[in-house]
> 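Quick one: structure below, then a few questions.
Whatever order the structure lists ligands and atoms in, that order sets their numbers, starting from 1.
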Amino acid sequence: MKLYLDTANVKEIKEAASMGLLDGVTTNPSLVAKEGRSFREVLLEVCNLVDGPISAEVVSVEEDAMVKEGRDLAKIHKNIVVKCPLIPEGLKATRRLAAEGIRVNVTLCFSPTQALLAAKAGAWCVSPFIGRLDDISSDGMALIRQIVTIFRNYDFKTQVLVASVRHPQHVVEAALAGGHICTMPFTVFLQLFKHPLTDIGLKKFLGDWGAAGRQ
Ligand code: G3P
């Protein structure tokens, strides 16, 4: 499973990329707005830091405008994947952009029928938001399992990008369900490394080594 960061914060991206474990980055308008910087400038910087797919979202809601925006975003860098929302106009734009060879991440997916439509429209990947489903007492991970099964049944090439991840258990379950990509906040990425027994074990090894007078 590919691991992406869900952020527009360059410091976080730099740190994760330096570990050699980062496969890509997803952004959305809320994340970019939070940084208070020019969208284009942030995207270029991220594309130069990470040699992998970098999702950048359109903010138009009408087909022609989305296609135009998508083309402009794709021109910024070869790593850009254009994000279109899962509305009828978004899927019309997805079909046109995909036909031009532009990779599209269809975002704001909350149901298996929406995912099926995104795949049929030619999306490179679809982003089901599992945390937001959990937030309303729905089962986000059940949606991932349904979409993975549907895509396998019909051999769709569209990848399942597990989004709106809130904790490491979401990452574990995404991998068990066969999600292709999992995007997460930097805090969750760091949590993936942690286990108290690792810290206790390392402390003991080094303590024993020191007590034996080894250098
Ligand atoms: O970037 C899309 C998605 O991951 C957003 O997550 O935490 O705002 O529900 P969240």
Side-chain angles (χ1 to χ4, degrees), residues 1-13 16-17 21-37 39 42-43 45-47 49-50 52-61 66 69-70 73 76 79-87 90-91 93-94 103-112 114-115 118-119 123-145 147-148 158-175 177 179-192:
M1 185 171 69
K2 305 277 188 203
L3 300 180
Y4 287 13
L5 274 195
D6 195 27
T7 183
N9 184 284
V10 170
K11 195 169 163 275
E12 294 178 347
I13 294 166
L21 296 167
L22 190 60
D23 297 305
V25 173
T26 49
T27 66
N28 63 38
S30 310
L31 291 170
V32 176
K34 207 165 77 180
E35 296 304 310
R37 299 178 54 195
F39 188 22
V42 171
L43 285 177
E45 202 172 336
V46 175
C47 286
L49 282 172
V50 182
I54 312 298
S55 287
E57 191 159 342
V58 301
V59 288
S60 312
V61 288
M66 278 192 243
E69 233 188 289
L73 287 171
I76 294 177
N79 289 356
I80 295 286
V81 172
V82 175
K83 248 173 144 180
C84 289
L86 216 157
I87 54 176
L91 293 191
T94 297
R103 294 176 293 178
V104 181
N105 170 354
V106 175
T107 189
L108 289 166
C109 172
F110 294 95
S111 82
Q114 288 182 317
W124 178 75
C125 76
V126 64
S127 292
F129 280 23
I130 58 170
R132 292 192 195 182
L133 281 168
D134 290 354
D135 290 346
I136 58 157
S137 301
S138 210
D139 186 350
M141 206 47 72
L143 173 62
I144 300 302
R145 289 190 289 271
I147 299 172
V148 167
T158 305
Q159 301 180 81
V160 180
L161 190 158
V162 181
S164 185
V165 158
R166 304 268 194 261
H167 47 70
Q169 197 52 28
H170 272 153
V171 182
V172 173
E173 289 180 31
H180 303 90
I181 306 163
C182 187
T183 191
M184 67 205 77
F186 187 55
T187 46
V188 176
F189 180 78
L190 291 180
Q191 283 177 296
L192 301 184

> Between E57, R132, R166, M184, which one has a non-hydrogen atom sitting closest to atom 8 (O) of ligand 1?
R132
> Which value, rounded to the nearest 0.5 Å, describes the distance between I87 atom CD1 and T107 atom OG1?
11.5 Å
> Would one find an N or O of T27, backbone or side chain, under 3.5 Å from an N or O of ligand 1?
no
> Looking at every heavy atom in both G179 and V162, which two are closest together, and how far apart are they?
CA-CG2, 4.4 Å
> Geometry only, no angles: is S164 polar-contacting ligand 1 at N/O separations under 3.5 Å?
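Yes; the residue has a nitrogen or oxygen that sits under 3.5 Å from a nitrogen or oxygen of the ligand.
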> Which is it for K83 and ligand 1 at heavy atoms under 4.0 Å: side chain, backbone, both or neither?
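Looking at K83 and ligand 1, just side chain atoms fall under 4.0 Å.
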> Closest heavy-atom contact between A93 and M66?
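Minimum heavy-atom contact is CB-CB, 3.7 Å.
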> Taking it one step at a time, do L73 and L43 satisfy side-chain contact (heavy atoms from CB on, under 4.5 Å)?
CA-CA 9 Å; L73 287 171; L43 285 177; 3.9 Å; yes
> Show the nearest heavy-atom pair for residues M1 and D23, with the distance to one decimal.
O-OD2, 4.4 Å
> Using every non-hydrogen atom in the two residues, find where I130 and G140 come nearest and quote the distance to one decimal.
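For I130 and G140, the tightest heavy-atom pair comes out as CG2-O, 3.3 Å.
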> Tell me which protein heavy atom sits closest to atom 3 (C) of ligand 1, plus the residue, atom name and distance to 0.1 Å.
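Checking every protein heavy atom, the shortest distance to atom 3 (C) of ligand 1 gives D6 OD2, 3.4 Å.
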> For N28, take its heavy atoms, then give the atoms of ligand 1 lying under 4.0 Å from any of them.
1 (O), 2 (C), 5 (C)
> Identify the protein heavy atom lying closest to atom 2 (C) of ligand 1, giving its residue, its atom name and the separation to 0.1 Å.
F129 CZ, 3.2 Å
